[in-house]
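Below is one structure, written out as C-alpha cells; comments come after it.
Given the structure is predicted, the values throughout are model-derived calculations rather than measurements.
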Amino acid sequence: MVWDMNDYPTSMKNLDELVRKKAIDMGNALLQDGYPEGRAIPIATEQAQKWYDEASPEEKESFRNEKPPQKSDRHGESKRGGKLLDADVKVNYQDKQWQVISKGAKKPSETYDNKDEAIDRAKYIAKNKETKLEIYKQDGQLQEMYDYSDNES
C-alpha cells in the first residue's frame with residue numbers, strides 16, 4: 001500500500017510534518033522497489049529523520065514547497081525493471097563523501113565522511129538484500145568485493 005499526507009502508517013503520525021512528508025516519499029519509493037511494508041516503514045522513517053537533521057535550511061524549504069507525495073507518484077525506475085531490492089551495492093567516493101548506492105540507482109541511499117562507516121552500512125544492506133558488494137578506493141579503482149547472494153561472506 002502506498003501513502004500520502006492524509007493516509008500514512010500510524011508510526012509516522014508523531015513525526016514533524018516535513019520529516020513525515022520525506023518519510024512518505026521515501027517509503028513509497030521503497031515499496032515501488034519491492035520492499036515489504038514492514039521493512040519500508042522503518043527504513044524510510046530513519047532516513048527521513050537523518051535527511052532532516054543534515055539538510056540545510058534551503059533544502060528543507062525547497063522540499064517543503066514541493067507538492068506533497070501522492071499515491072499515484074511514480075519513482076524513477078532502474079534498468080533492472082524498477083527493482084533495486086536485488087541490485088548489487090557499492091561504496092564509492094564522490095562529491096567529497098563516501099556513498100552507499102545500489103547499482104542502477106540515481107542517488108545514494110546514504111553518504112558518509114568516513115569510509116569505514118559507509119562500508120559497515122553497505123555490508124549490512126548487501127547482507128539483507130543477499131546481493132554483492134563492491135568497495136572502491138577514492139581514485140575509483142575496485143578495492144574488494146563480497147558476495148552475500150549465497151550467504152557466504
Side-chain angles (χ1 to χ4, degrees), residues 1-136 138 140 146 148:
M1 169 182 215
V2 292
W3 309 297
D4 61 26
M5 292 299 287
N6 297 315
D7 183 19
Y8 49 83
T10 309
S11 61
M12 293 183 185
K13 82 174 185 176
N14 291 325
L15 296 176
D16 175 271
E17 186 176 352
L18 195 58
V19 175
R20 183 182 318 117
K21 181 179 178 182
K22 189 68 160 178
I24 290 168
D25 189 49
M26 292 175 155
N28 287 345
L30 290 168
L31 291 173
Q32 187 173 330
D33 278 342
Y35 280 73
E37 277 189 34
R39 287 181 64 201
I41 294 168
I43 292 169
T45 301
E46 178 185 338
Q47 289 305 306
Q49 187 63 57
K50 181 179 179 188
W51 168 83
Y52 184 84
D53 292 343
E54 296 176 0
S56 69
E58 294 81 19
E59 289 174 299
K60 290 176 185 175
E61 189 59 30
S62 175
F63 186 69
R64 184 181 317 279
N65 292 329
E66 288 181 16
K67 72 175 190 124
Q70 304 294 312
K71 292 185 177 193
S72 60
D73 287 349
R74 299 293 303 161
H75 293 272
E77 294 187 356
S78 74
K79 296 175 185 170
R80 297 179 72 166
K83 299 289 184 187
L84 293 178
L85 183 60
D86 61 351
D88 293 339
V89 179
K90 68 179 184 175
V91 173
N92 65 331
Y93 191 77
Q94 190 171 339
D95 299 328
K96 299 181 181 179
Q97 290 192 311
W98 290 99
Q99 299 183 341
V100 176
I101 187 167
S102 293
K103 286 190 171 184
K106 294 180 181 176
K107 294 182 179 180
S109 59
E110 299 174 59
T111 59
Y112 295 89
D113 293 327
N114 180 293
K115 184 177 184 180
D116 289 335
E117 290 176 7
I119 290 171
D120 288 345
R121 181 64 178 156
K123 284 181 178 179
Y124 175 80
I125 292 169
K127 285 178 184 177
N128 281 336
K129 290 171 49 170
E130 296 181 357
T131 61
K132 293 179 183 173
L133 168 62
E134 297 176 0
I135 301 171
Y136 290 86
Q138 193 167 345
Y146 297 92
Y148 297 106

So, do L15 and K22 sit near enough that their side-chain heavy atoms are less than 4.5 Å apart?
no

Can you confirm whether E54 is buried at CD, in the sense that more than 12 heavy atoms of other residues, nucleotides or ligands lie under 6.0 Å from that atom?
yes

Quick one: does K90's side chain have a donor or acceptor within less than 3.5 Å of a partner on K103's backbone?
no

When you measure from the side chain of D88 to the backbone of K132, do you find a donor-acceptor pair of N or O atoms at a distance under 3.5 Å?
yes

Check against side chain to side chain contact (heavy atoms under 4.5 Å, CB included), I41 and W3:
CA-CA 11 Å; I41 294 168; W3 309 297; 3.6 Å; yes

Report yes if the side chains of M5 and I24 come closer than 4.5 Å at any heavy-atom pair, otherwise no.
yes

Side-chain donor-acceptor pairs of residues 62-70 under 3.5 Å, sequence neighbours excluded:
from, atom 1, to, atom 2, distance (Å)
N65, ND2, E61, O, 3.1
K67, NZ, D73, OD1, 3.4
Q70, NE2, P68, O, 3.1

Quick one, K107 and I101 - any side-chain contact, counting heavy atoms below 4.5 Å?
no

What's the spacing between Q138 CD and W98 CH2 if we round to 0.5 Å?
5.0 Å

Could you check whether any side-chain heavy atom of Y112 comes within less than 4.5 Å of a side-chain heavy atom of I119, counting everything from C-beta outward?
no

Rounded to the nearest 0.5 Å, what separation is found between the OH atom of Y124 and the CG atom of L133?
15.0 Å

For the NZ atom of K115 and the CG atom of N92, what is their distance to the nearest 0.5 Å?
10.0 Å

Could you tell me if the side chain of W51 sits less than 4.5 Å from the side chain of E110, heavy atoms only?
no

Can you measure from CD (Q97) to CG (D113) and round to the nearest 0.5 angstrom?
5.5 Å

